[in-house]
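Accompanying notes for the structure given below.
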Amino acid sequence: MNDNPFDCPGAADRYAAGRPDFHARVIERVGLRVAPDGPLDRALDIACGTGQSTRALRALAKHVIGVDAAPGMLAAAPSLAGTGYAAARAEALPFADARFELVNVALALHWFDRRRFLAEASRVLRPGGHLVIYDSGFRGEMVGQPRFGDWVQAYYARYPRPPRAGGEISHKQAARARLALQHRESFAHDLIMTREDFVAYLTSQSNAIAATARGETFDTIAAWIRDSVDDFFVGEPRTLRFSGRIHCFRRR
């Protein structure tokens with residue numbers, strides 16, 4: 001496996017099928033901060049994956065370009081009016097200086113070389129433009145199933161997260177890139193999932209991809225998850241708890 005866990009056969013199909021599309025909810029909140037007077041001209045969506053966040057950004061900008069380092073992910077992104085895609089890394093963007101009014105990153109900051117990424121994001125942003133970074137993750141909670149937390153601990157013991165960069169962007173890191181934090185907030189949302197939805201979600205993550213590098217197959221991972229959570233779902237959809245954070249920076 002290379003340094004991009006999602007640049008492997010089948011990753012795009014699993015991602016497109018398994019990732020909850022919550023992006024429009026976040027973009028609606030972000031729009032009040034970055035586009036209060038109406039649509040922007042151009043926005044850039046970095047590490048766009050299969051285009052969920054790119055589609056959502058069309059509500060804020062007339063033209064949106066999604067970039068991702070994994071060509072397979074881009075191949076699975078739908079072509080829509082006002083959107084385009086390009087293969088590129090967050091640390092080496094193939095765009096002119098001050099090209100965009102908005103740069104967006106969803107669920108991906110932890111994979112970047114932070115210093116190089118911030119320098120590139122600042123470079124392609126117009127003065128006064130915004131860098132928006134948000135994430136959302138499963139909290140390990142199922143409504144009405146207190147014992148589910150024990151299963152979650154067993155899952156992460158069996159399929160641990162691969163190494164990634166943690167923590168928020170510091171004031172010093174932002175200032176070095178001529179960015180100033182304008183707004184920060186946390187949010188929570190519940191998702192109703194069937195057992196198969198939940199299996200698809202977990203097997204789209206880097207935990208499962210890392211396990212295949214150790215010799216497992218996605219079929220065996222899915223089978224283990226499916227069998228071990230069966231008692232919690234009992235043939236019915238369940239409500240799962242997710243939460244995330246939004247950070248909005250302004251380019252000086």
Side-chain angles (χ1 to χ4, degrees), residues 1-8 11 15 23 26-27 30 33-34 40 42-49 51-54 57 60-61 64-74 85-137 160-187 205-207 209-210 213 243-252:
M1 185 171 62
N2 61 28
D3 63 346
N4 185 335
F6 299 100
D7 190 12
C8 65
Y15 199 99
H23 299 275
V26 174
I27 294 304
V30 167
R33 302 279 175 179
V34 306
L40 305 172
R42 292 186 180 88
L44 177 65
D45 190 23
I46 299 178
C48 66
Q52 288 181 340
S53 50
T54 309
L57 279 173
L60 298 186
V64 183
I65 296 178
V67 299
D68 200 279
M73 299 290 273
L74 296 175
Y85 297 96
R89 299 182 66 91
E91 302 87 353
L93 299 171
F95 304 107
D97 295 356
R99 178 68 170 168
F100 300 97
E101 295 162 281
L102 173 64
V103 171
N104 182 72
V105 177
L107 310 177
L109 178 65
H110 47 271
W111 298 118
F112 301 164
D113 179 311
R114 191 164 296 184
R115 180 186 63 79
R116 293 170 58 202
F117 154 68
L118 287 173
E120 279 291 86
S122 178
R123 180 184 66 79
V124 301
L125 269 173
R126 297 176 184 175
H130 291 88
L131 168 63
V132 172
I133 298 172
Y134 65 91
D135 60 25
S136 173
R161 293 183 178 92
R164 61 185 72 186
E168 298 180 357
I169 293 172
S170 70
H171 174 76
K172 183 177 180 180
Q173 290 171 330
R176 186 184 297 121
R178 303 182 67 182
L179 297 165
L181 181 65
Q182 185 181 46
H183 177 71
R184 174 174 54 195
E185 68 175 284
S186 298
F187 65 96
Q205 294 185 315
S206 57
N207 306 53
I209 295 172
S243 63
R245 295 168 297 178
I246 304 169
H247 291 79
C248 182
F249 298 85
R250 189 177 183 88
R251 169 69 158 82
R252 295 200 297 266

(request) Flag the pair Glu168 and Arg184 as a salt bridge only when some basic side-chain nitrogen lies within less than 4.0 angstrom of an acidic carboxylate oxygen. (result) yes
(message) Can you tell me how far apart CG (Leu107) and CD (Gln52) are? Round to the nearest 0.5 Å.
(response) 8.5 Å
(request) First locate atom CG of Leu131, then atom CD1 of Ile46, and finally report the distance between them rounded to the nearest 0.5 Å. (result) 7.5 Å
(request) Not counting sequence neighbours, which residues clear ring pair (Phe, Tyr, Trp, His ring centres under 6.0 Å) with His23? List them please. (result) Tyr134
(request) Would you indicate whether the side-chain heavy atoms of Cys248 and Val30 approach each other to under 4.5 Å? (result) no
(message) Could you report the tightest heavy-atom contact between Arg245 and Ser186, atom names first, then the distance?
(response) CG-OG, 3.9 Å
(message) Once rounded to the nearest 0.5 Å, what's the spacing between atom CH2 of Trp111 and atom CZ of Arg89?
(response) 12.0 Å
(message) Give me the atom names and distance for the closest heavy-atom approach of Ala119 to Ala177.
(response) N-CB, 4.4 Å
(request) Step through the shown structure and confirm whether more than 12 heavy atoms of other residues, nucleotides or ligands are within 6.0 Å of CZ on Arg114. (result) yes
Distance-only donor-acceptor pairs under 3.5 Å for side chains of residues 95-102, two or more places apart:
| residue | atom | partner | partner atom | Å |
| --- | --- | --- | --- | --- |
| Asp97 | OD1 | Arg123 | NH1 | 2.8 |
| Glu101 | OE1 | Asp41 | N | 2.5 |
| Glu101 | OE1 | Arg42 | N | 3.2 |

(request) Please list, chain by chain and in numerical order, all residues satisfying side chain to side chain donor-acceptor pair (under 3.5 Å) with Gln205, sequence neighbours excluded. (result) Tyr201
(message) Looking at every non-hydrogen atom in both residues, tell me the closest pair between Asp7 and Pro71 and how far apart they are.
(response) OD1-CD, 4.1 Å
(request) Would you check if Phe187 and Ile246 make a side-chain contact, meaning some heavy-atom pair closer than 4.5 Å? (result) yes
(message) Measuring from atom CG of Leu44 to atom CG of Leu125, what distance do you get when rounded to the nearest 0.5 angstrom?
(response) 8.5 Å
(request) Could you tell me whether a side-chain N or O of Asp68 sits under 3.5 Å from a main-chain N or O of Gly49, the two making a donor and an acceptor? (result) yes
(message) Below 30° counts as parallel, above 60° as perpendicular, anything between as tilted: where do the rings of Phe6 and Tyr15 land?
(response) perpendicular
(message) Test your reading of the model: is there a side-chain donor-acceptor pair from Asp45 to the backbone of Cys48, 3.5 Å cut-off?
(response) no
(message) Please report the interatomic distance CG(Leu179) to CG(Leu118), rounded to the nearest 0.5 Å.
(response) 6.5 Å
(message) Checking the side chain of Arg250 only, and the main-chain atoms of Gln182 only, is there a donor and an acceptor separated by less than 3.5 Å?
(response) no
(request) First locate atom SG of Cys8, then atom CE of Met73, and finally report the distance between them rounded to the nearest 0.5 Å. (result) 9.0 Å
(request) Go through the side-chain N and O atoms of Ser206 and Arg164 and say whether any donor and acceptor fall under 3.5 Å apart. (result) yes
(message) Exactly one of Arg252, Arg176, Arg178, Arg251 should register a side chain to side chain donor-acceptor pair (under 3.5 Å) with Ser122. Which one does?
(response) Arg251
(message) If you compare all heavy atoms of Asn4 against all heavy atoms of Ala69, which two are closest, and at what distance to 0.1 Å?
(response) ND2-CB, 3.6 Å
(request) State, with a plain yes or no, whether a side-chain heavy atom of Val103 is found less than 4.5 Å away from one of Val124. (result) yes
(message) Taking the side chain as everything from C-beta on, heavy atoms only, tell me whether Val34 gets closer than 4.5 Å to Val132.
(response) yes
(request) Using modelled atom types only, decide if a donor and an acceptor are shared between the side chain of Glu91 and the backbone of Phe117 within a distance under 3.5 Å. (result) no
(request) Before giving the answer on side-chain contact (heavy atoms from CB on, under 4.5 Å), spell out for Ile27 and Leu60 the whole-Å C-alpha distance, their side-chain angles and the decisive distance to 0.1 Å. (result) CA-CA 8 Å; Ile27 294 304; Leu60 298 186; 3.5 Å; yes
(request) Would you please say whether a donor-acceptor pair under 3.5 Å links the side chains of Glu185 and His183? (result) yes
(message) More than 12 heavy atoms of other residues, nucleotides or ligands under 6.0 Å from NE2 of His171: yes or no?
(response) no
